[in-house]
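Note that these values count all heavy atoms, side chains included, but never hydrogens, waters or copies made by symmetry.
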Amino acid sequence: MPEMPEVQGLADFLRTKLLPAEAPPAVVSDVEVLSFAVLKTAGVPLDALHGQTVEAVERRGKFLVVTAGGLHLVMHLAKAGWLRWSDALKPGRLRPGKGAMALRVRFAAGDDGKEPGFDLTEAGTKKSLAVYLVRNLEEVPGVERLGPEALDVGFDAFAVLLSAHRGQIKGLLRDQSAIAGIGNAYSDEILHEARLSPFANASKLDADEAGRLFVAMRTTLAAAIAAASGRPASELKDSKRQAMQVHARTGQPCPVCGDTVREVSFADSSLQYCPTCQTGGKILADRRMSKLDK
């Protein structure tokens with residue numbers, strides 16, 4: 001799932017294309033819905049975007065927002081969605097089907113006569129990618145519920161969040177209403193950097209552990225955003241994979257200590273961790289109600 005760093009990278013990339021420094025901003029010429037399940041709003045017709053000039057491209061949590069003519073096209077890429085940019089889309093409309101294509105946004109042709117644009121795609125059969133067209137960002141339920149951005153939270157506020165959360169620390173990091181922008185992958189990476197078990201109780205962390213976690217959250221996300229900055233959309237996924245220390249690296253050696261990276265699987269997700277770095281060498285039981293083996 002694209003998380004804060006990748007979505008920020010996409011926003012930065014799109015901004016260079018749609019709001020270039022030395023050329024007029026892009027103008028929306030067409031929006032095609034190719035998977036009817038993707039569009040979650042009906043109050044504002046997509047035709048309302050036609051002819052509108054792009055005013056801003058930004059990120060809110062894990063949402064990508066393109067604003068044109070006072071309207072906000074809000075996109076959540078979910079687990080398997082992605083954005084593909086083209087400097088020259090082929091003319092003509094596409095036929096809706098059962099493939100990966102979900103949405104196409106086309107912009108007015110430049111002096112070269114070519115129409116640029118982007119496609120939203122989603123791999124797999126489970127379709128969760130979501131697109132909203134609204135006049136007010138707060139009309140999008142996921143945006144309205146967002147907590148503060150992870151990199152905007154100060155330590156004192158972070159400590160309050162920890163003390164108030166009675167569950168596992170990984171769950172808190174992924175809770176978008178508490179801290180916006182972190183998902184499954186970067187929560188694994190942050191906890192590895194902080195040398196904390198994903199199942200540690202947030203409210204029971206001592207001052208040293210809380211401090212390590214706060215610093216790890218900031219440094220991990222800042223480094224990932226810096227790595228994504230300036231990259232084209234087509235390179236962001238590979239950049240993320242290459243930077244991971246433990247996430248999606250089950251069975252490989254931990255780059256810090258050399259121990260084998262382990263996994264705990266759940267119904268629709270999994271987490272990875274290093275026993276030596278994070279759990280004092282203990283192996284977390286790989287079952288839905290996992291506890292440390294005794």
Side-chain angles (χ1 to χ4, degrees), residues 1-4 6-11 13-14 17-18 26-52 54 57-69 71-108 115-146 176 183-185 232-238 240 267-269:
M1 174 184 290
E3 301 176 31
M4 173 195 287
E6 295 77 48
V7 180
Q8 186 63 54
L10 287 173
F13 172 76
L14 276 184
K17 296 293 187 179
L18 304 179
V27 175
V28 180
S29 62
D30 195 17
V31 182
E32 299 178 56
V33 176
L34 302 165
S35 171
F36 295 111
V38 74
L39 188 62
K40 305 301 181 183
T41 51
V44 182
L46 288 176
D47 288 352
L49 278 175
H50 295 182
Q52 301 296 339
V54 174
V57 182
E58 61 183 325
R59 177 191 59 78
R60 296 289 184 93
K62 293 187 282 186
F63 290 87
L64 180 63
V65 184
V66 175
T67 301
L71 301 174
H72 305 288
L73 184 67
V74 184
M75 297 158 277
H76 190 279
L77 298 174
K79 189 172 183 178
W82 196 242
L83 181 148
R84 299 189 312 199
W85 175 264
S86 173
D87 287 324
L89 291 172
K90 292 181 179 180
R93 287 190 140 223
L94 300 176
R95 295 179 61 183
K98 297 181 180 180
M101 288 282 290
L103 187 88
R104 169 167 284 184
V105 181
R106 189 184 295 267
F107 299 92
E115 285 188 313
F118 65 81
D119 296 329
L120 294 185
T121 64
E122 186 170 25
T125 57
K126 185 177 180 181
K127 302 301 182 183
S128 302
L129 190 153
V131 175
Y132 310 80
L133 183 60
V134 294
R135 300 187 185 280
N136 187 328
L137 284 176
E138 302 304 311
E139 296 175 47
V140 179
V143 173
E144 190 273 335
R145 292 194 298 267
L146 286 176
Q176 300 304 294
N184 192 38
S234 59
E235 295 181 8
L236 287 171
K237 285 184 180 180
D238 287 339
K240 175 182 179 178
D268 57 357
S269 66

Which pair of heavy atoms, one from [X] and one from [Y], lies closest together, and at what distance?
X	Y	value
L103	V105	CD2-CG2, 4.0 Å
A68	V28	CB-CG2, 4.3 Å
P2	K79	CD-O, 4.4 Å

message = Do F107 and L89 make a side-chain contact, defined as non-hydrogen atoms from C-beta onward lying under 4.5 Å apart?
response =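 They are not in contact (no side-chain heavy atoms under 4.5 Å apart), so the answer is no.
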Using the side-chain hydrogen bond (donor to acceptor under 3.5 Å, both in side chains) criterion, which residues pair with [X]? Sequence neighbours excluded.
X	value
N184	K170
S35	none
R106	E115

request  = Check step by step if side chain to side chain contact (heavy atoms under 4.5 Å, CB included) holds for L14 and L64.
outcome  = CA-CA 10 Å; L14 276 184; L64 180 63; 3.9 Å; yes
Any chance you could measure [X], atom [atom1], to [Y], atom [atom2], to the nearest 0.5 Å?
X	Y	atom1	atom2	result
Q8	K62	CD	NZ	15.0 Å
T67	H72	OG1	NE2	4.5 Å
S128	M1	OG	CE	7.5 Å
L83	M75	CG	CE	7.0 Å
Q52	L71	CD	CG	6.0 Å
L46	T41	CG	OG1	7.0 Å

Is a donor on one side and an acceptor on the other found under 3.5 Å between the side chain of [X] and the backbone of [Y]?
X	Y	result
K127	E122	yes
R59	G61	yes
E6	K240	no

ask   = With sequence neighbours left out, which residue pairs that include part of residues 129-145 fulfil the side chain to side chain donor-acceptor pair (under 3.5 Å) condition?
value =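 Those involving residues 129-145 do not exist here.
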key: Derivation and outcome, side chain to side chain contact (heavy atoms under 4.5 Å, CB included), residues V74 and V134   = CA-CA 8 Å; V74 184; V134 294; 4.3 Å; yes
task = Look at D30 together with R104 and state whether they make a salt bridge at an N to O cut-off of under 4.0 Å.
result =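 No, no charged N to carboxylate O under 4.0 Å.
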key: Intermediate values then yes/no, side chain to side chain contact (heavy atoms under 4.5 Å, CB included), L77 and L120   = CA-CA 8 Å; L77 298 174; L120 294 185; 4.0 Å; yes
ask   = Residues in salt bridge (charged side-chain N to carboxylate O under 4.0 Å, His left out) with R95, at least two apart?
value =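 Not a single residue meets the salt bridge (charged side-chain N to carboxylate O under 4.0 Å, His left out) criterion with R95.
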ask   = Taking the inter-plane angle between the rings of F13 and W85 on a 0 to 90° scale, is it parallel (under 30°), tilted (30 to 60°) or perpendicular (over 60°)?
value =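 The arrangement is perpendicular - the two ring planes meet at more than 60°.
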task = With sequence neighbours excluded, tell me which residues meet ring pair (Phe, Tyr, Trp, His ring centres under 6.0 Å) with H76.
result =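 H76 satisfies ring pair (Phe, Tyr, Trp, His ring centres under 6.0 Å) with F63 once adjacent residues are dropped.
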message = Could you go through L129 and V131, starting from their C-alpha distance and side-chain angles, then the distance that decides it, and tell me whether this counts as side chain to side chain contact (heavy atoms under 4.5 Å, CB included)?
response = CA-CA 7 Å; L129 190 153; V131 175; 3.8 Å; yes
